[in-house]
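I have placed the structure first, in the form of structure tokens, so that the comments after it can refer back to it.
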Amino acid sequence: MLTRHWRGGRNKIMNKSIVQYYPEKTQILFFDLEFYVPENDREGRLGLKANPYKNGHFLIGGTFLRYFPLLNHEKNNIKKEFWIWNYNNSEKEMLKNILKFVEDSWNIIKRKDNQAELFFSGIGISRVDIQYLFARCHKFNLRSDEILFDLFYKSRFLDLETIVIPYFKNKDNMMKTKSTKEILSKFKIEREREEHPQIFGSNMIKKTLQQFKKEILMKFLIYL
């Protein structure tokens, strides 16, 4: 009896030390952010112009989808949109709400000590979006750096620009991350707006809002 009891205790300890994926707690946050870049920072080399640490740059907003991949009911998924004009043009107030949405996801996970971490997914999120969120939340002192690090960098990243690499054959045999345009073409997903990696003029913002709302669903389709 003693031996059997000891083995049972050992199994319990081992189970607690192994990461588990409980269906009602395992979550992926798909998201897509849009940035404002001042005119004087739009020139220069090709590539990303947005920089959260430069004066005049700010987050316009974005769309988030909280997805429970191990549950089969769409009603469990929650979609949220955060746009600066819905917060009296206050980036700080908008970020507070984004941060609460992320924290709510983590709070569901923390109810089980061995539940897998929160997953973030999108295109280029590990290169740009996560860093942008961290930097802007830090600027407004919304949480301590320690807490921000736990919220963003202790998550797991499913970055679609790298996940899809094996689906492409490169003639020069060099491994390369893939752009949104390349990914959509490969998986035959139609995009209903033109490429806008950053939003440049405030007069464009509301005009393209409906198009941006579809971005998160497009990235969700790539994941599936």
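In this structure, K49 contributes its side chain and R45 its backbone to a donor-acceptor pair below 3.5 Å. With N114 contributing its side chain and V19 its backbone, the two residues share no donor-acceptor pair below 3.5 Å. No donor-acceptor pair closer than 3.5 Å links the side chain of R143 to the backbone N or O of C137. The backbone N or O of Y22 sits less than 3.5 Å from a side-chain atom of T26, completing a donor-acceptor pair. Not one N or O on the side chain of N86 forms a donor-acceptor pair closer than 3.5 Å with the backbone of F82.
Shown here is N40, whose CG atom has more than 12 heavy atoms of other residues, nucleotides or ligands within 6.0 Å. Within 6.0 Å of CG on N88 lie no more than 12 heavy atoms contributed by other residues, nucleotides or ligands.
Side-chain polar atoms of N51 and Y132 form no donor-acceptor pair below 3.5 angstrom. A donor-acceptor contact closer than 3.5 angstrom links the side chains of Q27 and S105.
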Go through the steps for E117 and I109 under the test side chain to side chain contact (heavy atoms under 4.5 Å, CB included), then give the verdict. CA-CA 7 Å; E117 295 88 347; I109 288 170; 5.8 Å; no

Hey, mind stepping through Y87 and K92 against side chain to side chain contact (heavy atoms under 4.5 Å, CB included) and telling me if it holds? CA-CA 9 Å; Y87 298 92; K92 181 177 181 179; over 6 Å; no

Run L70 and K25 through side chain to side chain contact (heavy atoms under 4.5 Å, CB included) and show every step you take. CA-CA 9 Å; L70 302 181; K25 298 185 183 344; over 6 Å; no

Quick one, F101 with E103, criterion side chain to side chain contact (heavy atoms under 4.5 Å, CB included). Give me CA distance, side-chain angles, the key distance, then yes/no. CA-CA 5 Å; F101 187 72; E103 286 177 324; over 6 Å; no

One pair to check against ring-ring contact (aromatic ring centres under 6.0 Å, His included): Y167 and F187. What are the steps and the verdict? CA-CA 10 Å; Y167 292 92; F187 294 97; 5.4 Å; yes

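Ring planes of F31 and F64: parallel class, angle under 30° (limits at 30 and 60°).
I108 and L118 fall into different hydrophobic clusters, defined by Ile, Leu, Val, Met, Phe, Trp and Tyr side-chain heavy atoms under 4.5 Å apart, directly or through other members. Neither F120 nor F68 shares a network with the other; the hydrophobic side chains, linked directly or stepwise wherever heavy atoms of I, L, V, M, F, W or Y lie under 4.5 Å apart, form separate groups for each. Residues W85 and Y36 share a single hydrophobic cluster, defined by chaining ILVMFWY side chains whose heavy atoms lie under 4.5 Å apart. A continuous path of ILVMFWY side-chain contacts below 4.5 Å connects L59 to F140, so both sit in one hydrophobic cluster.
For the pair L95 and L133, the minimum side-chain heavy-atom distance is below 4.5 Å.
Residue L142 holds its CG atom at 11.5 Å from CZ of F134, rounded to the nearest 0.5 Å. A distance of 8.5 Å separates OG1 in T177 from CD1 in I183, rounded to the nearest 0.5 Å. Between S121 atom OG and D159 atom CG the span is 7.5 Å, to the nearest 0.5 Å. With values rounded to the nearest 0.5 angstrom, I125 atom CD1 is found 9.0 Å from E161 atom CD. The CD1 atom of I84 sits 5.0 Å away from atom CZ of F58, with the distance rounded to the nearest 0.5 Å. A distance of 12.5 Å separates CG in L65 from NZ in K80, rounded to the nearest 0.5 Å.
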Please list, one pair per line, the donor and acceptor atoms closer than 3.5 Å that link side chains of residues 144-153 to other protein atoms, with sequence neighbours excluded.
{"from": "S144", "atom 1": "OG", "to": "I147", "atom 2": "N", "distance (Å)": "3.2"}
{"from": "D145", "atom 1": "OD1", "to": "H138", "atom 2": "ND1", "distance (Å)": "2.7"}
{"from": "D150", "atom 1": "OD1", "to": "K154", "atom 2": "NZ", "distance (Å)": "3.1"}

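Between E91 and K139 there is no salt bridge, since no side-chain nitrogen of the basic residue lies less than 4.0 Å from a carboxylate oxygen of the acidic one. In summary, D41 and K54 engage in a salt bridge, as defined by a charged side-chain N under 4.0 Å from a carboxylate O.
Contact record, M94 with I60: SD-O, 3.4 Å, taken as the closest heavy-atom pair.
Residues I165 make up the rest of the hydrophobic cluster containing M175, defined by ILVMFWY side-chain heavy atoms closer than 4.5 Å, directly or through other members.
When the side-chain contact (heavy atoms from CB on, under 4.5 Å) test is applied to E182, the partners found at least two apart in sequence or on another chain are F168, K178, S179.
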